[in-house]
Amino acid sequence: KVQIRSVRSSKRDGRDGDGRVETQFFTGKESGTMAESEGEVVFSSLQEELEYWKEKALEYRQSLEEVRAEFAEFQESSGELEGELEAQLDQVEKSNKDLMHRVARLDDENESLKSKLDSQQAEAFMTISTLQEERVELLALKDALQKYIRQLEQNNDDLERGKRVTVSSLEDFESKLNNVSISTDC
């Protein structure tokens, strides 16, 4: 904050004055180029004060132009950066959209595969159940056939024994018959 006080003296109206203009200002950092003491600047003439303020105006104008140039450069670079960021954002949004479509397609494919897997599991379960039932039936049939075979073998053995007995009895009978026939012929 700048505080300025100007005091002008003149010799009009019969007063003593030397015609000097005294300006005081306080900025905290700046101080005048003329006679100064503790932030006060005293000018010896109006022309000197005018030159001082022209110089200050020129400094501020240059400072303003530098700030404007920096601001224009900042606007240009921020515009370029904004353009780059928008391009990146568009690219990321496109990539995100593509990925979302891919995720949706993979979800559909996953659901389809789950459905096929469930169907195949149900079919495999039914096939396994059927095969287990057939196995039980075949084991029962095998046991029944083994019993039947044992029974047949037993019957066969009995028949063979009966045949041997019959053959032996026939041989005995023939032998007796031959003996009787020989004895009657003689």
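Any value given below was found using the heavy atoms of this structure, including those in side chains, with hydrogens, waters and symmetry copies removed.
The distance from atom CD of E55 to atom CG of L58, rounded to the nearest 0.5 Å, is 8.0 Å. From R68, atom CZ reaches atom OG of S63 across 11.0 Å, with rounding to the nearest 0.5 Å. To the nearest 0.5 Å, the span separating CH2 on W53 from CD on E59 amounts to 10.5 Å. L89 CG to E86 CD: the interatomic distance, rounded to the nearest 0.5 Å, is 7.5 Å. Separation of atoms CZ (R150) and CG (L145) is listed at 11.0 Å; rounding is to 0.5 Å.
The side chain to side chain contact (heavy atoms under 4.5 Å, CB included) test applied to L113 returns E109, not counting sequence neighbours. When the side chain to side chain donor-acceptor pair (under 3.5 Å) test is applied to Q47, the partners found at least two apart in sequence or on another chain are E51. Looking at residues two or more places apart in sequence or on another chain, you find no salt bridge (charged side-chain N to carboxylate O under 4.0 Å, His left out) involving K147. The side chain to side chain contact (heavy atoms under 4.5 Å, CB included) check on E123 picks up T127, with sequence neighbours excluded.
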Exercise answer: donor-acceptor pairs, residues 129-141 side-chain atoms, under 3.5 Å, sequence neighbours excluded:
from : atom 1 : to   : atom 2 : distance (Å)
S129 : OG     : F125 : O      : 2.9
T130 : OG1    : M126 : O      : 2.8

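Within the structure, side chain to side chain donor-acceptor pair (under 3.5 Å) pairs that include any residue of residues 153-173 comprise Q151-N155, D158-R161 (at least two apart or interchain).
Other residues, nucleotides and ligands contribute at most 12 non-hydrogen atoms within 6.0 Å of the CD atom of E73. Within a 6.0 Å sphere centred on CD of Q121, other residues, nucleotides and ligands contribute more than 12 heavy atoms.
At least one donor-acceptor pair closer than 3.5 Å links the side chain of S78 to the backbone N or O of F74.
M100 has its side chain out of reach of K97: every pair of non-hydrogen atoms, C-beta onward, lies at least 4.5 Å apart.
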Quiz prompt | Check against salt bridge (charged side-chain N to carboxylate O under 4.0 Å, His left out), D90 and K94 | solution = CA-CA 6 Å; D90 289 343; K94 183 180 182 281; over 6 Å; no
